[in-house]
Structures are given as C-alpha cells and as structure tokens.
There are 2 protein chains.
Amino acid sequence: MHKKNYHHGDLKPALIQAGLDILEEEGLEGLSMRAIAARVGVSHTAPKNHFDGLHGLLSAIAAEGFRRHAAEMQKDVEDAPPGRERLDAACVGYIKFAREHGAMFRLMFSPRFNKKAEEEELATAAASSYGVLRGIAEGLNWQRPGPELSPELEAMRTELMLWVFVHGYASLVNEGQMPADPDGKPLFDVLELMPQFDYGN
Amino acid sequence: MHKKNYHHGDLKPALIQAGLDILEEEGLEGLSMRAIAARVGVSHTAPKNHFDGLHGLLSAIAAEGFRRHAAEMQKDVEDAPPGRERLDAACVGYIKFAREHGAMFRLMFSPRFNKKAEEEELATAAASSYGVLRGIAEGLNWQRPGPELSPELEAMRTELMLWVFVHGYASLVNEGQMPADPDGKPLFDVLELMPQFDYGN
DNA sequence: GCCGGAATATTTACAATGGAAACTTAATGA
DNA sequence: TCATTAAGTTTCCATTGTAAATATTCCGGC
C-alpha cells in the first residue's frame, strides 16, 4: 500500500462521526454532504457507496443521536432510586439532552432531514429511545374518568401522555420559545411544569 | 402604463400569498425564493426590495401563519361556552391547525427557517397566538405543592404548562410520531391524553 | 407639463449544494 | 494470476440564494 489510502477503509463510521462533530460545532446548517466528506478528507461523492444520498447519511447520524439519547436517559434513570425519582430523572434527562445537543435534537425530530419511514435503523433507534420512557411509565398510576381501556391501550396512553409532556417542553426550549434567564436557563424547570402523577409505592 | 406591469404594484402581499399556496401544495421543500417569485411571475431577485432575503420572506409567511393560527383558535374558543369546554376547544383548535397545515406549522416553529429574534412582526404574531392560550389559562385552577409564587409567575406557570402539553402533542403528530390509524387519525385525542385540570365554575 | 431622484424589477454573474456518469484504484477470491 | 467487485475520484450539471449593475416606472417639486 504505497499510495496511502485511496480506500479509506472505515469510511462509513468516519462519516457519521464527522457529522456528529459538525453538528456540535456548527449546527444543522453546516451539515452538508460536501462538508462532511471534506472533514474526513474524501471526495464529496464518496459517501454514495455507503449511504443513500444525504438523507441516508443524515438518518444514520440521527440514529446515532437516538442511541445516545436513550443511553444517557437510561443512565440517569438507573442512577435514581426507583419510583417517583426515576420518573423525574427520565424527564430531566430527556430535556438535558435536548438542551446540550440542540442541533442533534432538531435533526432527530425533523422529518425533513431524516426519513424514519424509509430507514429501518433510524426507526429502531428512535424506538429504543422511546422505550426508556416506556419503562418509566410502567409504574405510573394515571387514572382518568372515561370508558375503560384494555391494559395495553391504558399503558400506551400513559406512555404517550408522558412523552407528549416531556417532548413538548424539550421542543419549546429547543425552539427558543421558553422564557429564560439572560444566561439561557429556563424560568421553569420541567418538573415545575409537570402535572402531579401518582406513583405506586 | 402601456408596458403592462413592469412594476407589480402589490408585490409584497402577493409573494406572501404565493408562499402560503406553495406551502399547502408542495410543503416546506417547495418554498424557495425562486419558486415563490416565479409563481407571482416576477424575477427571482425582485423580493429583495421587500424582504431581507429568504429568511425575511419566510418569516413574513410564518407571521401570517401565526395570525391565522391565533384567529382560528380564537374562533373555536368563542364558539364554545365558557369554562372547561373552552379549554378543550382551544386545545383541539391548536392541534387541528397543526394537522391541517402541517408544513406551515413546521415553518412557524423552525428557528432554522424564520428568525423570531430578528423579525419583530413575527415575534408579535407568535405572541398573539400564544395569547389565546394565555386567555384560556386564566380560568384554569392548577395548584401544586411547593413554594408559593407571585400571582404573575403562577399565571405564567399555568400558561406554560398548558402550552407545553398542547404543543408537545401537536409536534409529535406533526412529526408523524403519534400512533395513528391507517387513515392517519391519531389513536388518542389530545383530550384523552391531557391531565385533568380543575376549572373554577 | 417636465424632470430628477427614489422605488421597484430585471439581467447577469457567482459560489455552494446534491447528485449522476464515467473513470481509477485497490481488495478479493476462484 | 486475473477477472470481478467494492470503494473513491473527477468531471459535469441543475438548482439554489445572493450580489451588482442595469432598466423601468413612479412621484414630488418646479
């Protein structure tokens, strides 16, 4: 191999990593095919061999984002004692990620930039992220008047209720709509805005 | 004026209207400077005299979106009897808009495409939209344990809680994350997921 | 009525982007 | 060893937003 690396050898993960870096440093705007390729030191059409166009590459980056989102949340959850404090930890973890990785959060939830319907890996990663909330919602006691539902539907409803709330907060913060201090700290914490749920034991 | 309209005469609103049309017909992707100008039948640099680049034009379109959002919600609210049903009407109205005008909803809440911080008109319109929810939250009785807050902060907290919830639901639906029937109808209504709030009288 | 400046549009040019096509280089395995 | 295939490069093109120079019309003061 005298003509050192015509073939990169490990381009696929390298491109994803480059994308993650650019996302942190320059935000969503900087995330172009050419910029990502250039950062790896490769021609701008090289990614075509590993991803289905820009959408494919962005989807792979978003998938990695979901995996990290899930992992960080999961860690926060396990560090907290079971019960209400775990619920709180999960919510705080969800928001913390959205605040610390704003551009990534936007990418993850932008159907414009990634196509969940078309990318299996992305859908799986997103589901794993949702799964953490799901686990939390299991212990959550949230009765409401109205027609009785099957246990499955009832569980689903609780999960979704929780997700709607947490995601709403994260989105508004991410979009800069949440009133905040001059230094960026929101006036109200997630937990201060969250309805009071019953948590069995 | 024999050389009919070198000057359009009413270009600014015409461009905004064209943008609204494209948004409905083709979604956010179709919303380019050139496409908007072409639809009005004008050169692609003409908008420069009326808007500050693409961002300015998109911001103006988003502002119109917020105004309509506010107006539709307001109408739904006024058609409902005061009290809990108004709360419900506002929530349903918020979501209805997000579902019926998905592309617009995305534009309105994408800091990437519009710059609220830089566009006064946009910020005002967005505030008017928030104001409808604000009015609703006034009658809402939502005590929580914890340190006592000033009436202003307390009111703010209630508004935000409501907004977080409604916006979270709308966002998830808009991003296609909400479980739904084959025909697109969400499995759970907003009201089915919403916490039960006390409404005075 | 006329004229000069200010608005308003157009034309032309340019840099950046994503993608297609043809080509080159390296790895692989029969 | 050598054809096949995977992986990268080059070149080219259409589309996009923006800037600069230019053209056309409008309007207020005379």
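To find a chain, count down the sequence lines: A is the first, B the second, and so on, and within it residues start at 1. Bear in mind that the values here come from a model prediction, so they are computed numbers and not experimental data.
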Quiz item: Does a nitrogen or oxygen in the side chain of A/K48 sit under 4.0 Å from OP1 or OP2 of C/dA20?
Solution: yes

Quiz prompt | Salt bridge flag under 4.0 Å for residues B/R67 and B/E72 | solution = no

Quiz item: For the pair made of CD in B/E29 and P in D/dT15, what is the distance, rounded to whole Å?
Solution: 16 Å

Self-check item: Nearest-neighbour nucleotide for the A/L11 side chain, D/dG8, C/dG19, D/dG17 considered
Solution: D/dG8

Practice problem: Would you kindly give the NZ-to-P distance between B/K12 and C/dA7, to the nearest whole Å? | Solution: 14 Å

Practice problem: Pick base, sugar-phosphate or nothing for A/S32, based on heavy-atom distances below 4.0 Å to the nucleic acid. | Solution: sugar-phosphate

Self-check item: Integer-rounded Å distance: C/dA16 C1' and B/L54 CG
Solution: 15 Å

Exercise. Answer with yes or no whether A/N49 presents, from its side chain, a donor or acceptor under 3.5 Å of a partner atom in the base of D/dA6.
Key: no

Exercise. Establish, with yes or no, whether the OP1 or OP2 oxygen of D/dG8 is under 4.0 angstrom from a side-chain nitrogen or oxygen of A/H50.
Key: yes

Self-check item: Among D/dG8, C/dT11, D/dT11, the nucleotide that comes nearest once only the side chain of A/H44 is considered
Solution: D/dT11

Quiz item: So which nucleotide from C/dG18, D/dT10, C/dT11 ends up closest to the side chain of A/S43?
Solution: D/dT10

Quiz item: Separation of B/D10 atom CG from C/dT8 atom C1', in whole Å?
Solution: 13 Å

Quiz item: Considering only D/dG17, D/dT9, C/dT11, which nucleotide approaches the side chain of A/T45 most closely?
Solution: D/dT9

Quiz prompt | Donor-acceptor contact present, side-chain B/R106 to main-chain B/L28, <3.5 Å | solution = no

Exercise. Grab the CE-P distance between A/M33 and C/dT17 for me, whole Å please.
Key: 12 Å

Quiz item: Any sub-3.5 Å donor-acceptor pair from B/N174's side-chain atoms to B/G102's backbone N or O?
Solution: yes

Quiz item: To the nearest angstrom, how far is B/F51 atom CZ from C/dA7 atom C1'?
Solution: 15 Å

Quiz item: With respect to the side chain of B/R34, which nucleotide from C/dG18, D/dT18, C/dT10 is positioned closest?
Solution: D/dT18

Quiz item: Given side chains that start at C-beta, do those of B/M104 and B/L20 come closer than 4.5 Å, heavy atoms only?
Solution: yes

Quiz item: Within the distance-only criterion (no hydrogens, no angle test), does the side chain of A/E78 pair as donor or acceptor with the backbone N or O of A/K75 below 3.5 angstrom?
Solution: no

Quiz item: Between atom CG in A/L15 and atom C1' in C/dG18, what is the gap in whole Å?
Solution: 15 Å

Exercise. Could you check how far CD of A/E26 sits from P of C/dT17, rounded to whole Å?
Key: 10 Å

